Amino acid sequence: MSAYAQLSERWQRVMMPNYGTPPVALVQGKGCRLWDADGKDYLDLLAGIAVSSLGHAHPAIVEAVSRQVATLAHTSNLYLHEPGLRLAERLTSLLQTPAGTEARVFFCSTGTEANEAALKLVLRHGQGIGRRRIIAADHGFHGRTLGALSLTGKASIREPFGPYGTDVVFVPYGDVEALAGAVDESTLAVLLETTQGEAGVVPPPDGYLAAARSLCDSTGALLWLDEVQSAIGRTGYWYAHQAEGVLPDVLTLAKGLGGGLPIGACIGIGPAANAFARGDHGSTFGGNLVSCAAALTVLDVIDSDGLLGHVREVGASFAAGLAEVSHPLLTGVRGRGLWRALVLSSDAAAHVELACRDAGFLVNAVAPDAIRLAPPLVISADECRGFVDALPQILADAQQDLDGTRVGS
Ligand code: PLP
């Protein structure tokens, strides 16, 4: 019996069925490579869903986290610590707000918590101006806790847990006219992803976020950008909104910020910076010293290794290479930086994900017809090329799998 078979049997006895049994048991990582419990190795093209920004076991993260855990791991938020302070200073200064614009940070541990904090923050702001309505996008994803879920535009995961108390209206993502029709003087906030990640890495048309910004400006609504998946280098910018020339009022982060350690952040900018009063929100673990040490290291390494430029360059050549692959199953490539989706001609993503795994590549069937690629930001052009070269055979295997003619696997 393989090591995986034994582990998956144990999993099925004790774990809740919400995830289904994962198809691989991972035991070790180094750089962009991962090893499973039976010794097979993979190129990691997913980074734990856009999280492990510096790859696995990066020496700088190992050093910073080990040093911090050996010094002081946890204080709660009853006590101040400098790593948290430094991280908040770095994140706000990276925003490059106009002089005189305040920005303040709340730390938590995950993306959904960042959005919960942001929801409470905007509701507090709304109490002052008598507004509650939030405009969010169809197919958007903001997390699994009830506040974030109420704003999530995927009906299949939202509806089983409703009704909710949130006053939300969903509009088609990327449609300026629909947004203009929904936003008015009663709107408290507009909540958008800069690219819809869980919907299948779907970027908006050019100018969409700028149009959202100006609709918010003209109606007095807050622009809340959920950059849980897109920020901290994923698109080749510290924050993806920087490529669009807009500044949000509320910004949520998580995933890649900690490079594998759990940390999230909600940043209030301008009027939203001071919407919380003392006692309004809290988290025992949020902004833990160890996670802050990891996040500071992520920012340092992105800076010192020029990773923003690297992501733009390698991301562009990766996308160009993928787009040249010719196979009836593959109709296109979309996305930004090192955050891409292979768009398929049919609902074959599960088969393509399986064929990738068999060939030694970890990817994600993010939608029935889309494969998400979100590798560590440190991935090399050669590693990307390895996947591009393997893709024709992978697609052929997936096609055979679909046709029921594939032998083995
Ligand atoms: N917001 C966005 C845009 C996301 O992509 C995700 C997760 O995929 C979340 C929020 C929720 O983050 P978490 O799973 O850390 O709670």
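Just follow the structure's listing: the first ligand is 1, and inside any ligand the first atom is 1. Source: prediction; values computed, not measured.
Around ligand 1 you find T110, G111, T112, N115, F141, H142, G143, E193, E198, D226, V228, Q229, K255, each with a heavy-atom distance below 4.0 Å.
Taking the six-membered ring where tryptophan is involved, the planes of Y173 and Y208 are perpendicular, since the angle between them exceeds 60° and thus also 30°. The aromatic rings of F285 and H74 are tilted relative to each other, their planes meeting at an angle between 30° and 60°.
W339 and Q229 share a side-chain donor-acceptor pair at under 3.5 Å. Between the side chains of E227 and S230, a donor-acceptor pair is found at a separation under 3.5 Å.
Of the charged side-chain nitrogens involved, none lies within less than 4.0 Å of a carboxylate oxygen, so that D44 and K30 do not count as a salt-bridged pair.
Between the side chain of R234 and the backbone N or O of G337 there is no donor-acceptor pair closer than 3.5 Å.
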